[in-house]
Colleague: 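Input: one structure, supplied below.
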Amino acid sequence: MKEKINTQSFPVFLLGHGLKYETECILKAFVPAVRFQFCYDDISLMPESSRYAAVQIRQGRVHTYFYCAVSLGEKRLRIMQRTERLYPDSDKKQCEMIISKLLFTLLRELTGTDVPWGILTGIRPTRKILPMLEIGMSREEIFDSLREEYWISDEKLSLAYNTAVVQYPLLKSTPKNSVGLYVSIPFCPSRCSYCSFVSHSVEQAKKLMPEYIRLLCEELKIWGDIVRRLGLIVDTVYFGGGTPTSVSAEHLEMLLKAVADNFDLSHLREYCVEAGRPDTITEEKLIVLKRNGVGRISINPQTMNEEVLKNIGRRHTPGEIVEAFRLARRIGFDNINMDLIAGLPGDTPESFRNTLKQITELDPDSITVHTLTLKRAANLFSEGESQLENPVREMVRDSIAMLPEKGYQPYYMYRQKNTIDNQENVGYSKPGKESFYNMLIMDETQTIFGAGCGASTKLVEPCGMITRICNYKFPYEYIGQFDQLMEKKKEVFEVYERIHQQEAVNAEK
């Protein structure tokens, strides 16, 4: 039985191959906020009009032929390229590059839009640059190579290069045999419209909170035992969520003491807690954090536009953001990050510039600029079409220009699916105030042990292989099936046994 085409979707026909990922990424860059329906090897389903894309790989007797066709209503274009024999399975990288460039060429002409990241897909742009720095390539050589291969604009090349240059020595300084610890507090005062994290209203979760905190302390004890048995060094500790400061000062103290009691923190390079929303920050909680060794906190306004705060469901004012920041400084925090989001509903380039101005006048130690992303789990996803005219590109450009002038340098960056206008998220910091955890979680070169609801453990082997162990998403699952969840920790020892065996083999060579 033939698959039916959903008239509300954007059909994509993959003929003679299954190279879906790169095809979808290029399409998303030009045709955002739609649902793609992939159809394989059935040309008879192709509609006569409307919107669709088709990518075919056909083998001739001597050559391989690549065909792309795109229809955007009344506008249609086709293109073909012939190459020496290539096969989608064995020559996957080469086939993906050809498909990406053909699709990009068609879509750029049909839409009249250029995409500054070119055909570069994936989350971590600096991953392309770091190996080039390692072998001593110059800035000009790196630019020429990436410009030719991926068609990236000079603006984005500069941003990625400057980020990688800051990252490179810091990543190289990561201690061997070290791990990061992530502690999840999946509670918030309310859910913001753009948020897709598994977080729960404090009011709704009140009954679960004491038992969740108790079991989280128990999991930290188990992780502490694993760290000791494996002879590992804890390099970073990061409390995220949710909003960790949405729990009481008493519960915060319990968790921080559980970390101190179960881990040797003498080698720690960073201890960070996302204080997050200013409506959860109190003097008592900040004192608890400071007293228990937390050195870095994040106070996240997202915007200083009061109307935009209301639009996204925030229950605080710009004035409360300033008060929370100044309170943290008075208590002695000398490493404070502030998160902003470019492209929030109702924001304008002018009001975003005003936000940048107000935040830089506070002089935090780092500023992270996220671009609004329409994630399926977020309330804003259903309003995706209304975001197509979002002036986010201008806002991002203003941050790229303004923050270095104020002494902030980009030190980590990542890209996400469904980000408005195919932009990126960038962390900027004053020299010496970079977040090691942020860099390492993105670089995926250090193992991260995750504790708590929704936390993910990433076990990184020297060969680059990554094994993930995920905790249950919801507090009631975490509480109800805690013992079964802890059984999964046995996989950690299996992975480290593999690592030790490989190290022994390498030592003999």
Colleague: Find out whether K172 and E134 are in side-chain contact, i.e. whether some heavy atom of one side chain is under 4.5 Å from a heavy atom of the other.
Modeller: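 Side-chain contact under 4.5 Å: yes.
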Colleague: For the backbone of R314 and the side chain of R277, can you confirm whether one donor and one acceptor N or O come within less than 3.5 Å of each other?
Modeller: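 No: the side chain of R277 does not pair with the backbone of R314.
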Colleague: Quick one: do E461 and R498 satisfy side chain to side chain contact (heavy atoms under 4.5 Å, CB included)? Show the steps, please.
Modeller: CA-CA 8 Å; E461 299 183 41; R498 264 202 318 268; 2.5 Å; yes
Colleague: Would you mind reporting whether L171 and L130 have side-chain heavy atoms less than 4.5 Å apart?
Modeller: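 Touching, per the 4.5 Å side-chain cut-off.
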Colleague: In chain order, what residues pass the side-chain contact (heavy atoms from CB on, under 4.5 Å) check against A328, with sequence neighbours excluded?
Modeller: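 With sequence neighbours excluded, A328 shows a side-chain contact (heavy atoms from CB on, under 4.5 Å) to L286, I297, I299, F333, I336, given in chain and number order.
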Colleague: Which distance, rounded to the nearest 0.5 Å, do you find between the NZ of K417 and the OG1 of T373?
Modeller: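 If we round to the nearest 0.5 Å, K417:NZ and T373:OG1 are 12.5 Å apart.
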Colleague: For the atom pair CD (E284) and OG1 (T245), what is the distance rounded to the nearest 0.5 Å?
Modeller: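 Rounded to the nearest 0.5 Å, the CD-OG1 separation comes out at 12.5 Å.
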Colleague: State the CG-NZ distance between L327 and K285, to the nearest 0.5 angstrom.
Modeller: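 Nearest 0.5 Å value for the CG-NZ distance: 12.0 Å.
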Colleague: To the nearest 0.5 Å, what is the distance between CG on L344 and OG1 on T303?
Modeller: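 Reported value, rounded in 0.5 Å steps: 6.5 Å.
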Colleague: Looking only at non-hydrogen atoms, find the nearest pair between V166 and P169 and report the distance.
Modeller: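 Of all heavy-atom pairs spanning V166 and P169, the closest is O-CD, 3.4 Å.
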Colleague: Are R124 and Y414 in a cation-pi setup, meaning NZ or CZ lies under 6.0 angstrom from the ring centre and within 45 degrees of the ring axis?
Modeller: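 So R124 doesn't make the cation-pi contact.
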Colleague: With a sphere of 6.0 Å drawn around CZ of R326, does it hold more than 12 non-hydrogen atoms of other residues, nucleotides or ligands?
Modeller: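 At most 12 heavy atoms, drawn from other residues, nucleotides or ligands, come within 6.0 Å of this atom.
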Colleague: For E283, does the CD atom sit with more than 12 other heavy atoms under 6.0 Å from it, leaving out its own atoms?
Modeller: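 At most 12 heavy atoms, drawn from other residues, nucleotides or ligands, come within 6.0 Å of this atom.
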Colleague: With a 3.5 Å cut-off and no angle check, do the side chains of N438 and Y411 form a donor-acceptor pair?
Modeller: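 Judged by distance alone, the side chains do pair up.
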Colleague: Could you verify whether a donor N or O on one side chain and an acceptor N or O on the other, from N425 and Q416, lie under 3.5 Å apart?
Modeller: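 The answer is yes; a qualifying pair exists.
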Colleague: When you look at NZ of K92, are more than 12 heavy atoms from neighbouring residues, nucleotides or ligands closer to it than 6.0 Å?
Modeller: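 No.
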Colleague: Does Y150 have any side-chain hydrogen bond (donor to acceptor under 3.5 Å, both in side chains) partners at least two apart in sequence or in another chain, and if so, which?
Modeller: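 Testing Y150 for side-chain hydrogen bond (donor to acceptor under 3.5 Å, both in side chains), a comparison that skips the adjacent residues, returns K128.
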Colleague: Donor-acceptor pair, distance only, cut-off 3.5 Å: does the side chain of H251 make one with the backbone of V247?
Modeller: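 A pair under 3.5 Å: no.
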Colleague: Measure the acute angle between the ring planes of F449 and W223, then classify it against the limits of 30° and 60° as parallel, tilted or perpendicular.
Modeller: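 Parallel.
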Colleague: Tell me the closest heavy-atom pair linking G241 and P244, and the distance in Å.
Modeller: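 G241 and P244 have their closest heavy atoms at N-CD, 4.3 Å.
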Colleague: Could you check whether D225 pairs with R229 (Lys NZ or Arg NE/NH1/NH2 to Asp/Glu carboxylate O, under 4.0 Å)?
Modeller: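 Salt bridge present between D225 and R229.
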Colleague: Can you list the residues that meet the side-chain contact (heavy atoms from CB on, under 4.5 Å) rule with P462, with sequence neighbours excluded?
Modeller: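 Listed in chain order: I499.
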Colleague: Is there a donor-acceptor pair closer than 3.5 Å between any side-chain N or O of S456 and the backbone N or O of R468?
Modeller: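 Such a contact is absent between S456 side chain and R468 backbone.
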Colleague: Answer yes or no: is there a donor N or O on one side and an acceptor on the other, between the side chain of T371 and the main chain of A342, under 3.5 Å?
Modeller: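 Between the backbone of A342 and the side chain of T371 there is no qualifying donor-acceptor contact (under 3.5 Å).
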Colleague: Do K490 and E494 sit within salt-bridge range, that is, some charged N less than 4.0 Å from a carboxylate O?
Modeller: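 Result for this pair is no, no salt bridge flagged.
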Colleague: With a 4.5 Å limit on heavy-atom distance, are the side chains of Y161 and V165 in contact?
Modeller: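 Sidechains of V165 and Y161: in contact.
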Colleague: Can you give me the closest heavy-atom contact between L120 and P125, atom names plus distance?
Modeller: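 For L120 versus P125, the nearest heavy atoms are CD2-CB, 4.1 Å.
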Colleague: Checking ring pair (Phe, Tyr, Trp, His ring centres under 6.0 Å) between F187 and each of Y212, F239, F474, which is the one that passes?
Modeller: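 Only one option passes, and that is Y212.
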Colleague: Side chains of H267 and D235: closer than 4.5 Å at any heavy-atom pair?
Modeller: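 No - every pair of side-chain heavy atoms lies 4.5 Å or more apart.
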Colleague: Output yes when a side-chain donor or acceptor of N292 lies under 3.5 Å from a complementary backbone atom of V288, and no otherwise.
Modeller: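 Side chain of N292 to backbone of V288: a pair is present.
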Colleague: Using side-chain heavy atoms (C-beta onward) and a distance below 4.5 Å, is V237 in contact with V273?
Modeller: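 The answer is no; the side chains never approach within 4.5 Å.
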Colleague: If I take atom OG1 from residue T445 and atom NZ from residue K458, how far apart are they, to the nearest 0.5 angstrom?
Modeller: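 T445 OG1 to K458 NZ: 9.5 Å, rounded to 0.5 Å.
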Colleague: Hey, does the side chain of D347 reach the backbone of G343 with a donor-acceptor pair shorter than 3.5 angstrom?
Modeller: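 Such a contact is absent between D347 side chain and G343 backbone.
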Colleague: Quick check: are there more than 12 heavy atoms from other residues, nucleotides or ligands sitting under 6.0 Å from CD of E250?
Modeller: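 Count not over threshold, so no.
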Colleague: Can you sort out the partners of D421 under side-chain contact (heavy atoms from CB on, under 4.5 Å), two or more places apart, ordered by chain and number?
Modeller: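 Result, side-chain contact (heavy atoms from CB on, under 4.5 Å) vs D421: V392, R393, Q423.
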Colleague: Rounded to the nearest 0.5 Å, how far does CG of L362 lie from CE of M338?
Modeller: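 So the gap between those two atoms works out to 5.5 Å.
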Colleague: Check whether any side-chain heavy atom of M304 sits under 4.5 Å from a side-chain heavy atom of V322, and report yes or no.
Modeller: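 They are in side-chain contact.
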Colleague: Does the side chain to side chain contact (heavy atoms under 4.5 Å, CB included) test come out yes or no for L216 and I185, once each step is laid out?
Modeller: CA-CA 9 Å; L216 181 52; I185 314 292; 3.9 Å; yes
Colleague: Counting distance only, does the side-chain N/O of K488 pair as donor-acceptor with the main-chain N or O of C470 below 3.5 Å?
Modeller: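 Yes; at least one donor-acceptor contact below 3.5 Å.
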Colleague: Work out which heavy atom in A451 is nearest to a heavy atom in L220; give both atom names and the distance.
Modeller: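 A451 and L220 have their closest heavy atoms at CB-CD2, 3.9 Å.
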Colleague: Can you name the one residue among E270, R296, Q446 that meets side-chain contact (heavy atoms from CB on, under 4.5 Å) with F436?
Modeller: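 When side-chain contact (heavy atoms from CB on, under 4.5 Å) is applied between F436 and each of E270, R296, Q446, only E270 qualifies.
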Colleague: Who pairs with E434 by side-chain hydrogen bond (donor to acceptor under 3.5 Å, both in side chains), at least two apart in sequence or on another chain?
Modeller: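 Once residues adjacent in sequence are excluded, the partners of E434 under the side-chain hydrogen bond (donor to acceptor under 3.5 Å, both in side chains) criterion are Q409.
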Colleague: Partners of E394 by side-chain hydrogen bond (donor to acceptor under 3.5 Å, both in side chains), sequence neighbours excluded?
Modeller: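 If we apply the side-chain hydrogen bond (donor to acceptor under 3.5 Å, both in side chains) test to E394, skipping adjacent residues, the hits are R353.
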Colleague: Distance-only, no hydrogens or angles: does the T126 side chain make a donor-acceptor pair with backbone N or O of I129 under 3.5 Å?
Modeller: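 Not a single qualifying donor-acceptor pair exists.
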Colleague: Which heavy-atom pair separates P301 from I359 by the least distance, and what is that distance?
Modeller: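 Scanning both residues, the minimum pair turns out to be CG-CD1, 3.8 Å.
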Colleague: In the structure I gave you, are the side-chain heavy atoms of L403 and T360 within less than 4.5 Å of one another anywhere?
Modeller: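 Side chain of L403 against side chain of T360, heavy atoms only: contact under 4.5 Å found.
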Colleague: Evaluate whether atom NZ of K406 has more than 12 neighbouring non-hydrogen atoms of other residues, nucleotides or ligands under 6.0 angstrom away.
Modeller: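 Atom NZ in K406 is not packed in, count stays at 12 or less.
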Colleague: Decide yes or no on side chain to side chain contact (heavy atoms under 4.5 Å, CB included) for V31 and F10, but give the supporting numbers first.
Modeller: CA-CA 9 Å; V31 192; F10 190 107; 4.0 Å; yes
Colleague: Can any side-chain N or O of S184 pair as donor or acceptor with the backbone N or O of C453 at less than 3.5 Å?
Modeller: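 Flag set: sc S184 to bb C453 pair under 3.5 Å.
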Colleague: Hey, does I123 have a side-chain heavy atom less than 4.5 Å from the side chain of R415?
Modeller: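 No, every pair of side-chain atoms sits at 4.5 Å or beyond.
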Colleague: Tell me whether the guanidinium CZ or amine NZ of K93 lies under 6.0 angstrom from the six-membered ring centre of Y21 and within 45° of its axis.
Modeller: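 No, K93 does not sit over the ring of Y21.
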Colleague: So, Y408 versus Y428, ring centres under 6.0 angstrom or not?
Modeller: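 Between Y408 and Y428, the centre distance exceeds or equals 6.0 Å.
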Colleague: Going through the checks in order, is the side chain to side chain contact (heavy atoms under 4.5 Å, CB included) test met by D363 and K430?
Modeller: CA-CA 10 Å; D363 198 32; K430 299 285 184 70; 2.6 Å; yes
Colleague: Does one side chain, of E424 or T419, offer a donor that lies under 3.5 Å from an acceptor on the other?
Modeller: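 The criterion, which ignores hydrogens and geometry beyond distance, is not satisfied for T419 and E424.
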Colleague: Does either side chain, that of D339 or that of Q302, offer a donor lying less than 3.5 Å from an acceptor on the other one?
Modeller: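 The answer is no; no qualifying pair exists.
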Colleague: Scan side-chain atoms only and decide if N337 and S435 contain a donor-acceptor pair under the 3.5 Å cut-off.
Modeller: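 Short answer, no.
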Colleague: Ignoring hydrogens, what is the shortest heavy-atom contact between R228 and N262? Give both atom names and the distance.
Modeller: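 Taking R228 first and N262 second, the nearest heavy atoms are NH1-O, 2.9 Å.
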